[in-house]
Amino acid sequence: MSATNHTGSSVTEFIIIGFPGLQDQESKSILFSVFLVVYVIIVLGNLLIIFIFVFDESLHTPMYTLICNLAILDISVPSITVPKMLAIFMFDSNLISFDSCFIQMFLFMSLGIAEGFLLTVMAYDRYLAICNPLHYPNKMTNRLAIKHVVWCWVGGFLAMMIPTILAVRLPFCGPDKILHCFCDHSSVLRLACANIVINSILGLTIALCVLLVPLFLILFSYVMITKSVFQISVCGGKSKAFSTCTSHLLVISVFFLTAAGVYISYRVPGASSDLRIMAAVFQNVFPPLMNPIIYCLRTKEIRDSLLKTLKRGRVFP
(Lines give C-alpha, C1' and ligand atoms only; values in the text may rest on other atoms or scores of the structure.)
Protein backbone atom coordinates (compact mmCIF):
# COMPACT_ATOMS: atom_id res chain seq x y z
CA MET A 1 0.00 0.00 0.00
CA SER A 2 1.39 3.39 -0.92
CA ALA A 3 1.88 6.06 1.69
CA THR A 4 -0.81 8.65 2.12
CA ASN A 5 -0.12 11.91 0.31
CA HIS A 6 0.14 15.14 2.26
CA THR A 7 0.34 18.70 1.05
CA GLY A 8 1.96 20.71 3.85
CA SER A 9 -0.17 19.77 6.86
CA SER A 10 -3.29 18.96 4.84
CA VAL A 11 -4.44 15.38 4.31
CA THR A 12 -5.40 14.71 0.68
CA GLU A 13 -6.20 11.00 1.11
CA PHE A 14 -7.61 8.81 3.82
CA ILE A 15 -6.96 5.14 4.60
CA ILE A 16 -10.12 3.11 5.29
CA ILE A 17 -9.16 0.40 7.78
CA GLY A 18 -12.28 -1.77 7.54
CA PHE A 19 -12.68 -4.18 10.48
CA PRO A 20 -9.62 -3.75 12.74
CA GLY A 21 -9.88 -7.28 14.16
CA LEU A 22 -10.38 -8.95 10.76
CA GLN A 23 -7.28 -7.97 8.83
CA ASP A 24 -6.09 -11.45 7.83
CA GLN A 25 -6.65 -12.50 4.23
CA GLU A 26 -8.96 -15.40 5.09
CA SER A 27 -11.34 -13.12 6.99
CA LYS A 28 -11.25 -10.56 4.19
CA SER A 29 -12.06 -13.24 1.61
CA ILE A 30 -15.05 -14.39 3.65
CA LEU A 31 -16.27 -10.79 4.07
CA PHE A 32 -15.83 -10.17 0.35
CA SER A 33 -17.84 -13.28 -0.57
CA VAL A 34 -20.66 -12.54 1.89
CA PHE A 35 -21.07 -8.88 0.95
CA LEU A 36 -20.76 -9.59 -2.78
CA VAL A 37 -23.63 -12.11 -2.59
CA VAL A 38 -25.71 -9.75 -0.44
CA TYR A 39 -25.10 -6.82 -2.79
CA VAL A 40 -26.05 -8.84 -5.89
CA ILE A 41 -29.28 -9.98 -4.18
CA ILE A 42 -30.05 -6.37 -3.17
CA VAL A 43 -29.60 -5.08 -6.71
CA LEU A 44 -31.49 -7.92 -8.41
CA GLY A 45 -34.32 -7.94 -5.84
CA ASN A 46 -34.97 -4.22 -6.05
CA LEU A 47 -34.57 -4.19 -9.84
CA LEU A 48 -37.29 -6.85 -9.89
CA ILE A 49 -39.63 -4.52 -7.95
CA ILE A 50 -38.87 -1.68 -10.39
CA PHE A 51 -39.33 -4.01 -13.39
CA ILE A 52 -42.72 -5.20 -12.13
CA PHE A 53 -43.87 -1.62 -11.53
CA VAL A 54 -42.73 -0.32 -14.94
CA PHE A 55 -44.25 -3.12 -17.01
CA ASP A 56 -47.54 -3.61 -15.15
CA GLU A 57 -49.78 -0.58 -15.70
CA SER A 58 -52.27 -1.81 -13.08
CA LEU A 59 -49.63 -0.99 -10.46
CA HIS A 60 -49.27 2.63 -11.60
CA THR A 61 -50.90 3.91 -8.41
CA PRO A 62 -49.53 6.21 -5.67
CA MET A 63 -48.82 3.31 -3.29
CA TYR A 64 -46.72 1.39 -5.81
CA THR A 65 -45.08 4.59 -7.07
CA LEU A 66 -43.76 5.06 -3.54
CA ILE A 67 -42.68 1.40 -3.30
CA CYS A 68 -40.83 1.74 -6.62
CA ASN A 69 -38.97 4.80 -5.35
CA LEU A 70 -38.11 2.92 -2.15
CA ALA A 71 -36.55 0.24 -4.37
CA ILE A 72 -34.51 2.92 -6.18
CA LEU A 73 -33.22 4.20 -2.82
CA ASP A 74 -32.51 0.64 -1.69
CA ILE A 75 -30.22 0.19 -4.69
CA SER A 76 -28.61 3.63 -4.35
CA VAL A 77 -27.72 3.57 -0.63
CA PRO A 78 -25.58 0.37 -0.59
CA SER A 79 -24.14 1.21 -4.03
CA ILE A 80 -22.44 4.23 -2.46
CA THR A 81 -20.48 2.15 0.08
CA VAL A 82 -20.48 -1.57 -0.73
CA PRO A 83 -18.39 -1.49 -3.97
CA LYS A 84 -15.58 0.33 -2.13
CA MET A 85 -15.89 -2.14 0.76
CA LEU A 86 -15.52 -5.04 -1.68
CA ALA A 87 -12.39 -3.42 -3.17
CA ILE A 88 -10.95 -3.06 0.34
CA PHE A 89 -11.62 -6.69 1.26
CA MET A 90 -10.44 -8.22 -2.03
CA PHE A 91 -7.75 -5.91 -3.36
CA ASP A 92 -6.60 -3.98 -0.24
CA SER A 93 -7.69 -0.80 -2.01
CA ASN A 94 -7.86 1.19 1.23
CA LEU A 95 -7.04 4.65 -0.12
CA ILE A 96 -9.80 7.16 -0.81
CA SER A 97 -9.27 10.76 -1.81
CA PHE A 98 -10.35 13.61 0.46
CA ASP A 99 -13.08 14.76 -1.93
CA SER A 100 -14.35 11.24 -2.64
CA CYS A 101 -14.59 10.52 1.07
CA PHE A 102 -16.78 13.54 1.77
CA ILE A 103 -18.90 12.90 -1.33
CA GLN A 104 -19.47 9.33 -0.15
CA MET A 105 -20.34 10.54 3.35
CA PHE A 106 -22.75 13.19 2.04
CA LEU A 107 -24.55 10.88 -0.40
CA PHE A 108 -24.82 7.98 2.02
CA MET A 109 -26.28 10.08 4.84
CA SER A 110 -28.54 12.13 2.53
CA LEU A 111 -30.12 9.12 0.85
CA GLY A 112 -30.54 7.37 4.20
CA ILE A 113 -32.44 10.41 5.50
CA ALA A 114 -34.49 10.54 2.28
CA GLU A 115 -35.50 6.90 2.86
CA GLY A 116 -36.75 7.75 6.35
CA PHE A 117 -38.80 10.62 4.89
CA LEU A 118 -40.17 8.32 2.17
CA LEU A 119 -41.33 5.78 4.75
CA THR A 120 -43.21 8.63 6.44
CA VAL A 121 -44.93 9.53 3.16
CA MET A 122 -45.85 5.87 2.68
CA ALA A 123 -47.45 5.85 6.15
CA TYR A 124 -49.37 9.01 5.24
CA ASP A 125 -50.53 7.32 2.01
CA ARG A 126 -51.89 4.34 3.99
CA TYR A 127 -53.53 6.74 6.47
CA LEU A 128 -55.38 8.53 3.67
CA ALA A 129 -56.37 5.28 1.95
CA ILE A 130 -57.87 3.74 5.09
CA CYS A 131 -59.07 6.73 7.12
CA ASN A 132 -60.27 8.89 4.21
CA PRO A 133 -61.04 6.44 1.39
CA LEU A 134 -63.57 8.71 -0.34
CA HIS A 135 -61.14 11.63 -0.54
CA TYR A 136 -58.05 9.46 -1.25
CA PRO A 137 -58.20 9.70 -5.10
CA ASN A 138 -58.10 13.53 -4.85
CA LYS A 139 -55.60 13.84 -1.98
CA MET A 140 -53.06 11.30 -3.27
CA THR A 141 -52.56 11.07 -7.02
CA ASN A 142 -49.52 9.78 -8.88
CA ARG A 143 -48.47 13.34 -9.53
CA LEU A 144 -48.69 14.23 -5.84
CA ALA A 145 -46.85 11.03 -4.91
CA ILE A 146 -43.97 11.99 -7.23
CA LYS A 147 -43.90 15.49 -5.71
CA HIS A 148 -43.64 13.93 -2.24
CA VAL A 149 -40.81 11.71 -3.44
CA VAL A 150 -38.91 14.70 -4.84
CA TRP A 151 -39.30 16.55 -1.54
CA CYS A 152 -37.99 13.49 0.32
CA TRP A 153 -34.82 13.53 -1.79
CA VAL A 154 -34.45 17.31 -1.49
CA GLY A 155 -35.02 17.13 2.27
CA GLY A 156 -32.35 14.46 2.64
CA PHE A 157 -29.76 16.51 0.75
CA LEU A 158 -30.63 19.72 2.61
CA ALA A 159 -30.43 18.01 6.01
CA MET A 160 -26.82 16.93 5.39
CA MET A 161 -25.68 20.10 3.65
CA ILE A 162 -24.62 22.11 6.72
CA PRO A 163 -22.94 19.20 8.64
CA THR A 164 -20.96 18.27 5.52
CA ILE A 165 -19.86 21.85 4.82
CA LEU A 166 -18.76 22.31 8.46
CA ALA A 167 -16.87 19.00 8.34
CA VAL A 168 -15.08 19.86 5.08
CA ARG A 169 -13.92 23.17 6.56
CA LEU A 170 -12.16 21.42 9.46
CA PRO A 171 -8.36 21.08 9.29
CA PHE A 172 -7.15 17.52 8.71
CA CYS A 173 -3.42 17.21 9.40
CA GLY A 174 -3.27 13.58 10.50
CA PRO A 175 -3.96 10.89 11.58
CA ASP A 176 -5.54 9.78 8.33
CA LYS A 177 -6.86 6.28 9.13
CA ILE A 178 -10.66 5.93 9.18
CA LEU A 179 -11.68 3.22 11.64
CA HIS A 180 -14.64 2.08 9.56
CA CYS A 181 -15.59 0.35 6.30
CA PHE A 182 -16.63 3.63 4.66
CA CYS A 183 -16.52 7.38 5.29
CA ASP A 184 -18.89 7.62 8.24
CA HIS A 185 -19.56 11.15 9.56
CA SER A 186 -18.46 10.55 13.15
CA SER A 187 -15.43 8.45 12.13
CA VAL A 188 -14.15 11.18 9.80
CA LEU A 189 -14.73 13.93 12.38
CA ARG A 190 -12.45 12.14 14.87
CA LEU A 191 -9.52 12.71 12.50
CA ALA A 192 -9.88 16.51 12.48
CA CYS A 193 -7.12 18.59 14.11
CA ALA A 194 -9.64 20.91 15.78
CA ASN A 195 -12.44 21.07 18.31
CA ILE A 196 -15.37 19.09 16.90
CA VAL A 197 -17.90 19.60 19.72
CA ILE A 198 -20.18 21.82 17.60
CA ASN A 199 -19.97 19.39 14.66
CA SER A 200 -20.78 16.43 16.89
CA ILE A 201 -23.72 18.16 18.58
CA LEU A 202 -25.11 19.31 15.23
CA GLY A 203 -24.69 15.85 13.70
CA LEU A 204 -26.36 14.14 16.68
CA THR A 205 -29.22 16.67 16.69
CA ILE A 206 -29.93 16.19 12.98
CA ALA A 207 -29.65 12.39 13.32
CA LEU A 208 -32.17 12.33 16.17
CA CYS A 209 -34.53 14.71 14.36
CA VAL A 210 -34.55 12.80 11.08
CA LEU A 211 -35.15 9.54 12.97
CA LEU A 212 -37.52 10.56 15.76
CA VAL A 213 -39.74 13.02 13.85
CA PRO A 214 -40.55 10.56 11.00
CA LEU A 215 -40.98 7.76 13.57
CA PHE A 216 -43.43 9.89 15.58
CA LEU A 217 -45.43 10.76 12.44
CA ILE A 218 -45.48 7.12 11.33
CA LEU A 219 -46.65 5.92 14.75
CA PHE A 220 -49.31 8.64 14.84
CA SER A 221 -50.52 7.59 11.37
CA TYR A 222 -50.82 3.96 12.42
CA VAL A 223 -52.59 4.82 15.68
CA MET A 224 -55.20 6.64 13.57
CA ILE A 225 -55.29 3.74 11.09
CA THR A 226 -55.81 1.20 13.89
CA LYS A 227 -58.55 3.34 15.42
CA SER A 228 -60.26 3.62 12.02
CA VAL A 229 -59.94 -0.11 11.28
CA PHE A 230 -61.58 -1.13 14.55
CA GLN A 231 -64.57 1.02 13.61
CA ILE A 232 -65.12 -1.11 10.50
CA SER A 233 -68.04 -3.43 11.16
CA VAL A 234 -67.24 -6.00 8.46
CA CYS A 235 -64.67 -8.56 9.60
CA GLY A 236 -63.31 -9.04 6.08
CA GLY A 237 -62.85 -5.29 5.74
CA LYS A 238 -60.69 -5.24 8.87
CA SER A 239 -58.40 -8.02 7.63
CA LYS A 240 -58.06 -6.40 4.20
CA ALA A 241 -57.20 -3.01 5.76
CA PHE A 242 -54.58 -4.57 8.04
CA SER A 243 -53.10 -6.66 5.21
CA THR A 244 -52.39 -3.52 3.17
CA CYS A 245 -50.35 -2.12 6.07
CA THR A 246 -48.47 -5.25 7.16
CA SER A 247 -45.73 -5.01 4.52
CA HIS A 248 -45.10 -1.35 5.24
CA LEU A 249 -44.99 -1.97 9.00
CA LEU A 250 -42.39 -4.71 8.49
CA VAL A 251 -40.27 -2.41 6.31
CA ILE A 252 -40.53 0.38 8.89
CA SER A 253 -39.55 -2.01 11.69
CA VAL A 254 -36.47 -3.22 9.81
CA PHE A 255 -35.36 0.35 8.99
CA PHE A 256 -35.79 1.89 12.44
CA LEU A 257 -34.70 -1.14 14.48
CA THR A 258 -31.40 -1.38 12.57
CA ALA A 259 -30.89 2.37 13.05
CA ALA A 260 -31.59 1.98 16.77
CA GLY A 261 -29.12 -0.92 16.87
CA VAL A 262 -26.35 1.31 15.49
CA TYR A 263 -27.18 4.04 18.03
CA ILE A 264 -27.11 1.54 20.91
CA SER A 265 -23.91 -0.18 19.76
CA TYR A 266 -22.03 3.12 19.88
CA ARG A 267 -23.12 3.63 23.50
CA VAL A 268 -22.55 0.15 24.94
CA PRO A 269 -19.57 0.33 27.33
CA GLY A 270 -16.75 -1.93 26.23
CA ALA A 271 -18.24 -2.71 22.82
CA SER A 272 -15.51 -3.56 20.32
CA SER A 273 -14.83 -1.45 17.25
CA ASP A 274 -15.64 -4.44 15.04
CA LEU A 275 -19.10 -4.76 16.64
CA ARG A 276 -19.86 -1.08 16.10
CA ILE A 277 -18.66 -1.14 12.51
CA MET A 278 -20.62 -4.33 11.81
CA ALA A 279 -23.78 -2.69 13.21
CA ALA A 280 -23.33 0.28 10.85
CA VAL A 281 -22.65 -1.98 7.86
CA PHE A 282 -25.66 -4.14 8.82
CA GLN A 283 -27.85 -1.01 8.77
CA ASN A 284 -26.44 -0.26 5.32
CA VAL A 285 -27.34 -3.58 3.70
CA PHE A 286 -30.08 -5.31 5.73
CA PRO A 287 -33.09 -3.04 4.98
CA PRO A 288 -32.38 -2.96 1.20
CA LEU A 289 -31.99 -6.75 1.31
CA MET A 290 -35.25 -7.38 3.18
CA ASN A 291 -37.56 -4.81 1.57
CA PRO A 292 -38.03 -6.56 -1.83
CA ILE A 293 -38.45 -9.90 -0.03
CA ILE A 294 -41.12 -8.42 2.24
CA TYR A 295 -43.04 -6.78 -0.59
CA CYS A 296 -42.85 -9.81 -2.87
CA LEU A 297 -44.01 -12.20 -0.15
CA ARG A 298 -46.55 -9.98 1.60
CA THR A 299 -48.13 -7.98 -1.24
CA LYS A 300 -50.60 -10.01 -3.31
CA GLU A 301 -50.66 -7.54 -6.24
CA ILE A 302 -46.89 -7.73 -6.66
CA ARG A 303 -46.90 -11.54 -6.47
CA ASP A 304 -49.71 -11.78 -9.00
CA SER A 305 -48.01 -9.29 -11.32
CA LEU A 306 -44.72 -11.22 -11.13
CA LEU A 307 -46.42 -14.54 -11.94
CA LYS A 308 -48.36 -12.93 -14.79
CA THR A 309 -45.14 -11.47 -16.23
CA LEU A 310 -43.31 -14.79 -15.96
CA LYS A 311 -46.17 -16.65 -17.67
CA ARG A 312 -46.32 -14.05 -20.41
CA GLY A 313 -42.58 -14.56 -20.98
CA ARG A 314 -43.17 -18.37 -21.03
CA VAL A 315 -40.89 -18.88 -18.04
CA PHE A 316 -43.76 -20.85 -16.48
CA PRO A 317 -46.22 -22.98 -18.52
Side-chain angles (χ1 to χ4, degrees), residues 1 4 11 13-39 41-42 74 76-98 100-113 115 160 163-164 167 172 174-192 196 199-200 203-204 207-208 211 254-290:
M1 183 188 302
T4 304
V11 172
E13 289 180 330
F14 292 108
I15 299 173
I16 300 178
I17 298 299
F19 294 98
L22 301 172
Q23 292 296 308
D24 58 287
Q25 194 56 49
E26 182 180 358
S27 297
K28 287 184 177 181
S29 298
I30 293 173
L31 289 171
F32 172 82
S33 302
V34 170
F35 283 109
L36 177 62
V37 171
V38 169
Y39 181 63
I41 295 174
I42 287 172
D74 282 341
S76 303
V77 172
S79 294
I80 294 167
T81 57
V82 174
K84 181 61 179 178
M85 287 168 48
L86 295 176
I88 292 170
F89 297 145
M90 190 64 182
F91 306 109
D92 289 328
S93 179
N94 299 72
L95 291 180
I96 185 170
S97 69
F98 185 91
S100 298
C101 183
F102 278 93
I103 290 172
Q104 184 189 65
M105 180 181 73
F106 174 73
L107 291 176
F108 173 70
M109 297 298 293
S110 297
L111 295 182
I113 294 170
E115 184 162 345
M160 276 306 296
T164 304
F172 291 89
D176 49 21
K177 294 181 179 180
I178 298 175
L179 200 62
H180 214 293
C181 286
F182 52 88
C183 290
D184 175 68
H185 182 257
S186 59
S187 300
V188 174
L189 284 184
R190 293 192 188 100
L191 304 181
I196 60 170
N199 301 74
S200 299
L204 180 61
L208 290 176
L211 281 176
V254 169
F255 180 84
F256 284 100
L257 287 176
T258 52
V262 174
Y263 182 82
I264 293 170
S265 69
Y266 273 81
R267 282 150 186 82
V268 174
S272 66
S273 299
D274 289 329
L275 176 62
R276 293 170 181 170
I277 295 169
M278 182 59 75
V281 174
F282 189 75
Q283 182 198 14
N284 189 359
V285 299
F286 189 66
L289 176 67
M290 293 304 298

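Considering only heavy atoms from C-beta on, Phe172 comes within 4.5 Å of Val188 through its side chain. Looking at heavy atoms from C-beta onward, Leu31 lies in side-chain contact with Leu22 at the 4.5 angstrom threshold. No side-chain heavy atom of Met278 sits less than 4.5 Å from a side-chain heavy atom of Cys181. Counting heavy atoms from C-beta on, the side chains of Gln25 and Asp92 come closer than 4.5 Å. Residues Ser27 and Asp24 form a side-chain contact, since some pair of their non-hydrogen atoms from C-beta on lies under 4.5 Å apart.
In terms of heavy atoms, Leu189 sits closest to Ala167 at CD2-CB, 3.9 Å. In plain terms, the two heavy atoms of Asp274 and Pro20 that are nearest each other are OD1-CD, 2.9 Å. Closest non-hydrogen pair, Gln23 versus Ile17, comes out as NE2-O, 3.1 Å. Closest approach of Glu13 and Ser97 over heavy atoms only: CG-CA, 4.1 Å. Of all heavy-atom pairs spanning Ser187 and Ile178, the tightest one is CB-CG2, 4.0 Å. Closest approach of Ile80 to Phe108, counting heavy atoms only: CD1-N, 3.8 Å.
Summarising the geometry, atom CD1 belonging to Ile15 is positioned 12.5 Å from atom CG belonging to Leu179; distances are rounded to the nearest 0.5 Å. Taken from CE in Met160 to CE in Met109, the straight-line distance is 5.0 Å, to the nearest 0.5 Å. To the nearest 0.5 Å, atom CG of residue Leu111 and atom CD of residue Glu115 are 9.0 Å apart. Here the CZ atom belonging to Arg190 is positioned 8.5 Å from the OG atom belonging to Ser200, to the nearest 0.5 angstrom. Between Phe89 atom CZ and Leu36 atom CG the span is 11.5 Å, to the nearest 0.5 Å. For the atom pair NE2 (His185) and CZ (Phe106), the distance works out to 11.5 Å, reported to the nearest 0.5 Å.
Between the side chain of Thr258 and the backbone N or O of Phe255 there is at least one donor-acceptor pair closer than 3.5 Å. The closest donor-acceptor contact from the side chain of Asn94 to the backbone of Ile16 lies under 3.5 Å. The closest donor-acceptor contact from the side chain of Ser100 to the backbone of Ile96 lies at 3.5 Å or more, if one exists at all. Although no hydrogens or angles enter the test, the distance criterion places no donor-acceptor pair under 3.5 Å between the side chain of Gln104 and the main chain of Thr81.
Here Phe98 and Phe102 bring their ring centres to under 6.0 angstrom of each other. When ring centroids are compared, Tyr39 and Phe35 stay outside the 6.0 Å threshold.
Annotation: disulfide bond (SG atoms under 2.5 Å apart) contacts of Cys183 (sequence neighbours excluded): Cys101. Annotation: ring pair (Phe, Tyr, Trp, His ring centres under 6.0 Å) contacts of Phe19 (sequence neighbours excluded): none.
The residue from Ser79, Pro288, Pro287 that alone fulfils the side-chain contact (heavy atoms from CB on, under 4.5 Å) condition with Ile42 is Pro288.
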